[in-house]
2 protein chains.
Amino acid sequence: MKENIRSLGNITKKLIIRPIGGTEDVNKTLTVYEYGDDIIIVDCGIGFPDIFEMPGVDILIPDFSYLEKNSHKIRGLFLTHGHEDHIGAVPYLLQRIPDIPIYSSGLVQEMLRSKFEEKSFNHLKEQTKLNLFNPTSGEVTLGNFTIKGFRVFHSIPESQGFAIKTPEGLLLHMGEYKIDPKPAMEKPMNLGIIENYGKQGVLCLLSDCLMAISNKPTKSESDLDKTYLGLFKKAEGRQLIVTMISSSISRMHQVINAAVSCGRKVVVSGRSVEHTFSIARKLGYISFPKDIFVPEKEASKLPQENLVYILTGIYGQYSSSLGRLSRNENRDITLKKNAMVIFSGDPAPPGTDITVEKLTDKLILLDAEVIHGGVCDNLHVSGHGARKDMERIAKLVNPKYFIPLGGSITRMRAYRDAMGSIGFSKNNVFECLEGGSVEFSGGIAKKGSRIETQQVYINTKTASKISSVVVDDREKMSDSGIFVVVIPRDRSGRLLPNKSEIVTRGFIYVKDSKELIRKAKKAVVKSISKRGNKTKDWSSLRRRIESDIQRFLYKEVGDSPVIIVHTVGL
Amino acid sequence: MKENIRSLGNITKKLIIRPIGGTEDVNKTLTVYEYGDDIIIVDCGIGFPDIFEMPGVDILIPDFSYLEKNSHKIRGLFLTHGHEDHIGAVPYLLQRIPDIPIYSSGLVQEMLRSKFEEKSFNHLKEQTKLNLFNPTSGEVTLGNFTIKGFRVFHSIPESQGFAIKTPEGLLLHMGEYKIDPKPAMEKPMNLGIIENYGKQGVLCLLSDCLMAISNKPTKSESDLDKTYLGLFKKAEGRQLIVTMISSSISRMHQVINAAVSCGRKVVVSGRSVEHTFSIARKLGYISFPKDIFVPEKEASKLPQENLVYILTGIYGQYSSSLGRLSRNENRDITLKKNAMVIFSGDPAPPGTDITVEKLTDKLILLDAEVIHGGVCDNLHVSGHGARKDMERIAKLVNPKYFIPLGGSITRMRAYRDAMGSIGFSKNNVFECLEGGSVEFSGGIAKKGSRIETQQVYINTKTASKISSVVVDDREKMSDSGIFVVVIPRDRSGRLLPNKSEIVTRGFIYVKDSKELIRKAKKAVVKSISKRGNKTKDWSSLRRRIESDIQRFLYKEVGDSPVIIVHTVGL
């Protein structure tokens, strides 16, 4: 299709697909489609830092360098759905490259608008062009690309995939999806549309691969209805609290449904869940009579057995509403004896298992009955289809090539093996690292160039980058602390090592280690007397003193803190 | 039984059971049994630090304060089995209270002896009395306690429980166990013995509760044999690597069996697995012909398709043999293209899921086929029985009271509920927090006093404690770094704020922030001019300057590093 365009244009033109995030790790999804002088971007999400290696970092964003260099080519940014790992970095991209037209569903528009309310992003409110673009919109043509949305089912409403016509052929960007025969609020995915695209001939399928490591059948959202009703019945006469992933509108809908059928009113508490709730009500996803809902501040006045609380805190977050409740620090809600607290979510998302168990421990100590995945089945269904769903979509689409997205290398490999197992050639599955690319020319795909990408650390308080030097220093200090030696020098520039002072934190407990500090000062004196007291070549002298002190401390304490030697003059 | 002893003695005598570790978290198990002037201890393990909250801490040990205060009463330490969370803190206990007689199996003796080889514990080698005590030994009477070991089945050989006769009645300390009908190396658990104790009348059952949060049936070790044979066949002609929990002698035995039947020789690599291997061979648990084993250094000379490597690194540990291999830093082994690497262990023990996936990612990038729990079933069986096993043991023993051990509060509660579900009174299940106790008097149990316990952090390099102040400082610095202000003072003691210097790490990148540093110096000058330049009351002045700087930095950068103000004189 459109072969003519290609033959008319520059003969070296080719289609390049380049994921800049969302392949080496699960998050900060961003895929660049490039043909000639046109670029379109699909998704622009945040990532979550590895707390071991990136202390004090709030979020990660994709490395936008490549886009900044090619900003003149960017025709538009298309967003598949409203999860943070797909839209959370949009304001940061617009900070650097303003004026990118954005194409998304109404729900995503609401979510972006609320991000633009934050102080750091307030200037984006007026200048950003938000285009409503959903499966009922027509095609949009931007340079060499013609894009059409199609409905997919995921754990947030208004999720879509994109059919992207290019001079090289048709691409199907599936976004994140699962084949749920009976979703809680929405219609099941329309597999007919996907099959139709398949019949037109798809050059490349870009598919979610997150749960390619699961053999289990994909569970349906509606499986949860029975669980909720059963538990709500058991909790009769008691305080009842449900915690869930804050973006989960359909879960919220199911809980409110169960509440209504048990004659309970609903209290929503915690910033992110209140936020989802208000957008979901505004857009009509939560359309219950007004008097079903009780403001948090008034809840304590009502009989607790007539309420259901929906709280943030499913991952054990310290400042969440449930976190505060577990420490008796929630101003509006008090945990009653014998309350039932339901954790309606994955019991162990990566890295949170220990934190969640600490929270359930605290709640049990306060005499709550905690219902979690270890003692009750069917408390959670994933929004991602398991391997069988991916295989089914692949068979319907029957593409020539595949690019798995939204997973680690391990998950891309599992996806590739799955495609191999249903008869596709594994060689046609391209596992792209961050910045890597696949080039299509004459209908043939091959591995393309790879651009270098850096980790970009963000302090959300200031919406600014944190230097990797700073993050490295934090990591080192968290391991063995810091040891600062301050050496005064007189007016002539002569160092006075006998008068040096030592400041240390996180290394040894100074009150218990006066002897060590005394010896360390001696070591400074010795180091300087050996090296000569010349501040002319201060930086090389400083390095030598630092290495002497390091050797001294390792010998004495067996540990190597960050060592800083500094001089102060009068 | 022995009611006469009680009536002859002091009428206020009672039996106290006090877990000092291993109830609020899963590890650092230590239970104190006390009657009158006698104490016996069961197990003395290490714990694993929460890396978020305890940066730079290698291990945790139980708080021995109570035992130090009552050291004259201690008659003996009994060890159930050789896992680190049950025996790892023994040398640290002996450091503080020497001469405690130790009762354990031969395997545990070997493991302790090898700990005593470490430099910090060398002095314990001669002075410690290791008594061989296993299910074939007779009873041991120590003061008011008479102890007899009985065989239980767990994931390490020679595991035992203890039947403890006391003036109050018979106690059954089960240790850790599972009911495996077909273990790989050992005989199944003798449930008849346990039933017999039940018939004698058991006052209190102390049971492992770790997997009380699992409804699933307990899998048998022998289920793995088929998995290994299938995978080894698939790997024909290729390099083959298996990683496993290093203490798992039976898993090692199974892998060597499979290797022999496929005509491969075996290479063992990685400190902890080599260590287990040598003890297991010494004690006859690994009794294969000598020529089956190839030393690591010689392995590279042999055809790789004729070998099986058993490596450390199942949890993604950085310095493990597999970790080094994944970075091409293993001196003796090189990963060949198309190697098969089998992760034969729990795919997600708490806190390790992300690290393990990073390791599998690296191996896949090096063209290995990685077999893990996401793509292959039956790669791991737990050494702990699930809820059904606990219920079965409880029914056989039919005790009056229960104390769950080896789990968090969440798991103790699941155990309690399980006991309730099979007809026991939940009120007879005592959930002890660390230092909490249960007192038995006249055959009646009630909640006893609770002693305070502290977290004890250990630096294993020096085998010494790390102060909690130091750990707190590390945590703070890892979050936002450190900001040191050095203010010189002249001979008269007058501060010279204009000459102050600022040293910072992990806060801002100084090269990018010269302006901020300049402004901060001004803020110091301002703070001092406002407060008055009096070093007489230096500590209160310092606190004020620190708080001024803190306010200044928060306003400028939105972050609060650790702030230190220090003065240096000539």
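Only a predicted model underlies this, so the values are computations on that prediction, with no experimental measurement involved.
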Q) Is there a side-chain contact between M54(B) and L60(B) (heavy atoms, below 4.5 Å)? A) yes
(Q) Using only atom types and a distance under 3.5 Å, with no angle test, would you say the side chain of R474(A) pairs donor to acceptor with the backbone of G56(A)? (A) yes
(Q) Using heavy-atom distances under 4.5 Å, tell me whether D50(A) contacts chain B through its side chain, its backbone, both, or neither. (A) side chain
Q: For each of V469(A), D473(A), I409(A), V557(A), tally heavy-atom pairs with chain B at distances under 4.5 Å, and name the one with the top tally.
A: I409(A)
Q) Tell me, side chain or backbone of Y509(B) under 4.5 Å from chain A's heavy atoms, or both, or neither? A) both
Q. Can you say whether V503(B) sits under 4.5 Å from chain A via the side chain, the backbone, both, or neither, judging by heavy atoms?
A. side chain
Q: Taking the side chain as every heavy atom from C-beta outward, state whether F483(A) and D559(A) have any atom pair closer than 4.5 Å.
A: no
(Q) Could you go through Y457(A) and V470(A), starting from their C-alpha distance and side-chain angles, then the distance that decides it, and tell me whether this counts as side-chain contact (heavy atoms from CB on, under 4.5 Å)? (A) CA-CA 10 Å; Y457(A) 309 118; V470(A) 165; over 6 Å; no
Q. What part of A368(A) lies closer than 4.5 angstrom to a heavy atom of chain B: side chain, backbone, both or neither?
A. backbone
**Q.** Selection from D490(A), L365(A), D377(A) maximising heavy-atom pairs under 4.5 Å formed with chain B
**A.** L365(A)
Q. Side chain, backbone, both or neither: which part of R505(A) has a heavy atom under 4.5 Å from chain B?
A. both
Q. Relative to chain A, which segment of I466(B) carries a heavy atom at a distance below 4.5 Å: side chain, backbone, both, or neither?
A. neither
Q.
Are the side chains of S120(A) and E118(A) in contact, using a 4.5 Å heavy-atom criterion?
A. no
**Q.** Which of D361(A), I213(A), N215(A) touches chain B most, by non-hydrogen pairs under 4.5 Å
**A.** D361(A)
Q: In sequence, state the C-alpha distance, the side-chain angles, and the governing distance for H566(B) and V484(A), and then conclude on side-chain contact (heavy atoms from CB on, under 4.5 Å).
A: CA-CA 11 Å; H566(B) 204 82; V484(A) 184; over 6 Å; no
Q: Would you mind telling me which of D479(A), V562(A), V486(A) has the largest number of heavy-atom pairs within less than 4.5 Å of chain B?
A: D479(A)
Q | Side chain to side chain, T504(A) and I517(A), heavy atoms closer than 4.5 Å | A | yes
Q: Can you tell which part of T360(A) gets under 4.5 Å to a heavy atom of chain B, answering side chain, backbone, both or neither?
A: both
Q) Going by atom types alone, do N459(A) and S464(A) pair a side-chain donor with an acceptor below 3.5 Å? A) no
**Q.** Contact origin within I482(B) toward chain A - heavy atom pairs under 4.5 Å
**A.** both
Q. Under 4.5 Å between any side-chain heavy atoms of H372(A) and E357(A), yes or no?
A. no
(Q) Are the side chains of F343(A) and L363(A) in contact, using a 4.5 Å heavy-atom criterion? (A) yes
Q. Where does N498(A) contact chain B at under 4.5 Å (heavy atoms): side chain, backbone, both or neither?
A. neither
**Q.** Part of E24(A) within contact of chain B (heavy atom distance under 4.5 Å)
**A.** backbone
Q. Side chain, backbone, both or neither: which part of E556(A) has a non-hydrogen atom closer than 4.5 Å to chain B?
A. neither
Q. Side chain, backbone, both or neither: which part of I564(A) has a non-hydrogen atom closer than 4.5 Å to chain B?
A. side chain
Q: Give, as side chain, backbone, both or neither, the part of V471(A) having an atom under 4.5 angstrom from any heavy atom of chain B.
A: neither
Q: Measure S408(B) against the heavy atoms of chain A and call it side chain, backbone, both or neither at under 4.5 Å.
A: both
Q | Side chain / backbone / both / neither for K358(A) at chain B, heavy atoms under 4.5 Å | A | side chain
Q. What part of E369(B) lies closer than 4.5 angstrom to a heavy atom of chain A: side chain, backbone, both or neither?
A. neither
Q. Should we count NZ of K461(B) as having more than 12 external heavy atoms under 6.0 Å?
A. yes
Q.
Give me the atom names and distance for the closest heavy-atom approach of V524(B) to P497(B).
A. CG1-CB, 4.4 Å
